[in-house]
Amino acid sequence: MSRFVAQKTPQFFATMETLSEAYKEFYESECPIDAFPRAIRDVARTYSVGRNLPMELLCFCACGILSGAMGRVFKAKNAVSGGYTQTGNIFVLGVGESSTGKSASIRALFSNLERRVLDEIFEYKKELEKFKKAKTKLMQDKLNGEDKLGFDDEIADTPKLPRNPDFIVKNSTSEAMIKAMEASGGEIFSVCEEARDSIYIVAGNYRKQGDDTETLNSGWCGEPIKHSRIVNGVFNVPNPCISLLWMVQNDIIDNIVAKNKGSFIGSGFLGRFLYCKGAPKTVPNSKEIIPLDESAIAKWEKLLNNTYDIRKRGETVWIDADQEAFEYFWDFDAFNTLLMNGKLRTQASLLGKARENAIRLAVIFAQAEGATQITADIAKRACRVVSYSICVSVVLFSSGMLPEIEKDRAKMDAMIRQNDGFYKKISFFDQYSSLRTERVEFIVHTFPNLYEILKKGKGRYVVLKEKLPEAKQALGIEPDDDDMPF
């Protein structure tokens, strides 16, 4: 990218790959395909091989689509203390350049269920027309005095309004989503192959100030929504449930970061997403026509249709987490909490929903595997996928802020090198610059080949990696055997 071309002065611009290496210490930097349920892996593999689509996108898309089919009826219990429960609705955001398989992955996995819903909508419209005619006739009979029914008979013969089966929305505003939720009983699945406009609307790029995250935040956690507008009136959704599967191109992230200067990221909305990446298009290994595995596709479609049937019945399906799973989720939350308060403090908003997302993903895994309980194995695999998702999100939004990060890095570097220096106490930056402690820590972690933090007594020092032995000697710290200039 042209804006990251090397300058005349010595500067280091971190790429996404470099950032991935930096965060490998904490999170999975490669997508753990083996962590997904077999039904998802198998259908993803056949489309990946047969249609040259990325496995990573296919696996995440499958989870997002299964989440949309589940709605609010599948719930986990005993995964956290305090009586909290978690539904299986998740937000998935796939990011990649054009022709990286985003749209094709959704179409391959979702077309069967979408056709079924469209058929149901067609039948619903016919039933709705019958309802309107029956209601009109009943009212006309009453006006003409031809209604001779008693109260009980009248109740029995009153036409019943059919339920709208349409729960799928594409690009839309928050108002349109709320209206769709009210019509569908509170549950919607927003699936969009190019969600540029949707994410811009939510991020507030079309507003003079502020964002528009409230509706989606409420739909993620199930908080009641009351929406009032002078033109459209009042909409009430007492028990909302939103699942999202959105695909965007990389430049969207840069634009969001540039416009919002971190405020939208800090809102916590983006921490609710599971992130995945589209892979660059590659040349297939063979010119042969590779047939799809119809058995894997049939199993996937059966899983999806059975899940949708359970959702339509509306009876809650409880999935209990065993003690080992509970402890694993607890450890995962503690791990991320320590990072939020430590080395990844500047990215805390992207880590805050890690445990909740892992539990929701575990609900999806359990349903995909026909399990009635979230075991430690399911919990561990769900946490691995969320761990990778966090790595992708931190790298994405850090890369979007690279120009700003590089500016601060150059400033910090110049202050360290003043008067031929090679280290500075962290508190120095707090006192004599706008660089706060957490920003300095973030820069050091983002550029691990350039800097290191040393502790001496109660003080902490930022040291040039190339002068590490000299810095240790100056600070009176015993050198290690592997202390070599970078």
Side-chain angles (χ1 to χ4, degrees), residues 53-54 56-69 89-111 113-114 117 166-181 184 187-207 210-220 240-260 264-265 267-279 349-350 353 357 360 389 392-393 395-397 399-400:
L53 297 174
E56 177 178 330
L57 268 184
L58 287 162
C59 287
F60 274 90
C61 282
C63 290
I65 292 166
L66 192 55
S67 166
N89 60 307
I90 58 174
F91 290 2
V92 176
L93 186 67
V95 182
E97 299 297 344
S98 180
S99 301
T100 53
K102 301 188 299 296
S103 300
S105 296
I106 291 178
R107 286 198 296 268
L109 297 166
F110 186 53
S111 58
L113 179 60
E114 189 172 27
V117 174
D166 188 7
F167 67 99
I168 301 168
V169 298
K170 303 287 186 176
N171 262 325
S172 63
T173 64
S174 294
E175 289 186 22
M177 282 191 177
I178 293 171
K179 190 174 181 180
M181 276 191 282
S184 65
E187 299 171 297
I188 61 168
F189 177 35
S190 177
V191 54
C192 193
E193 299 163 10
E194 179 47 72
R196 176 182 295 265
D197 285 339
S198 291
I199 198 115
Y200 277 168
I201 288 169
V202 177
N205 282 41
Y206 300 140
R207 292 182 169 193
D211 53 46
D212 191 20
T213 61
E214 184 179 354
T215 298
L216 291 179
N217 283 345
S218 297
W220 185 84
C241 178
I242 301 177
S243 299
L244 294 184
L245 176 55
W246 288 356
M247 297 288 161
V248 297
Q249 295 192 22
N250 290 341
D251 67 297
I252 304 300
I253 305 299
D254 291 345
N255 291 341
I256 289 172
V257 172
K259 181 181 186 299
N260 292 274
F264 177 55
I265 300 172
S267 70
F269 169 70
L270 294 174
R272 289 169 163 80
F273 277 89
L274 294 173
Y275 294 83
C276 58
K277 298 181 296 184
S349 59
L350 297 173
K353 302 298 181 184
N357 268 330
R360 290 166 186 242
S389 164
V392 173
S393 70
V395 170
L396 279 171
F397 288 101
S399 64

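Everything numeric in this text was worked out from a predicted model, so none of it was measured. Computation of the quantities below employed the complete heavy-atom set of this structure, encompassing side-chain atoms and omitting hydrogens, waters and symmetry-equivalent molecules. We count residues from 1, following the sequence as given.
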Next on the checklist: Applying the side chain to side chain contact (heavy atoms under 4.5 Å, CB included) criterion to Phe189, which one of Leu244, Leu113, Ile242, Ile65 satisfies it?
Outcome noted: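 Between Phe189 and the candidates, side chain to side chain contact (heavy atoms under 4.5 Å, CB included) is satisfied uniquely by Ile65.
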
Checklist entry - According to the side-chain hydrogen bond (donor to acceptor under 3.5 Å, both in side chains) rule, which pairs have a member within residues 57-68, sequence neighbours left out? => result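 For residues 57-68: Ser67-Ser243.
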
Next on the checklist: Could you check whether any side-chain heavy atom of Val191 comes within less than 4.5 Å of a side-chain heavy atom of Glu114, counting everything from C-beta outward?
Outcome noted: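 Val191 does not reach Glu114 side chain to side chain.
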
Next on the checklist: I'd like to know whether Thr215 forms a side chain to side chain contact (heavy atoms under 4.5 Å, CB included) with Met181, so could you lay out the CA-CA distance, the side-chain angles of the two residues, the decisive distance to 0.1 Å, and finally the verdict.
Outcome noted: CA-CA 11 Å; Thr215 298; Met181 276 191 282; 4.1 Å; yes

State, to 0.1 Å, how close [X] and [Y] come at their nearest heavy-atom pair, and which atoms those are.
X      : Y      : value
Gly64  : Val92  : CA-CG2, 4.0 Å
Gly94  : Leu57  : CA-CD2, 4.3 Å
Leu350 : Leu270 : CD2-CB, 4.0 Å
Leu274 : Ser389 : CA-OG, 3.2 Å
Ile90  : Arg360 : CG2-CB, 3.7 Å
Ile106 : Cys192 : CD1-O, 4.1 Å

How long is the span from the [atom1] atom in [X] to the [atom2] atom in [Y], to the nearest 0.5 Å?
X      : Y      : atom1 : atom2 : answer
Ile199 : Leu216 : CD1   : CG    : 9.0 Å
Leu396 : Asn250 : CG    : CG    : 7.0 Å
Ser105 : Phe60  : OG    : CZ    : 12.5 Å
Ser98  : Glu194 : OG    : CD    : 8.5 Å
Leu93  : Met247 : CG    : CE    : 8.0 Å
Leu66  : Leu245 : CG    : CG    : 12.0 Å

Item to check | Residues which pass side-chain contact (heavy atoms from CB on, under 4.5 Å) with Thr100, listed by chain and number, not counting sequence neighbours | outcome: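 Thr100 satisfies side-chain contact (heavy atoms from CB on, under 4.5 Å) with Glu97, Lys102 only.
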
Not counting sequence neighbours, which residues clear side chain to side chain donor-acceptor pair (under 3.5 Å) with [X]? List them please.
X      : result
Glu193 : Arg107
Trp246 : Ser190
Glu187 : none
Asn357 : none

Checklist entry - Are the side chain of Asn89 and the backbone of Trp220 linked by a donor-acceptor contact shorter than 3.5 Å? => result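 Yes.
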
Item to check | Parallel, tilted or perpendicular, as decided by the 30° and 60° cut-offs, for the rings of Phe273 and Tyr275 | outcome: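 Rings of Tyr275 and Phe273: tilted, 30 to 60°.
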
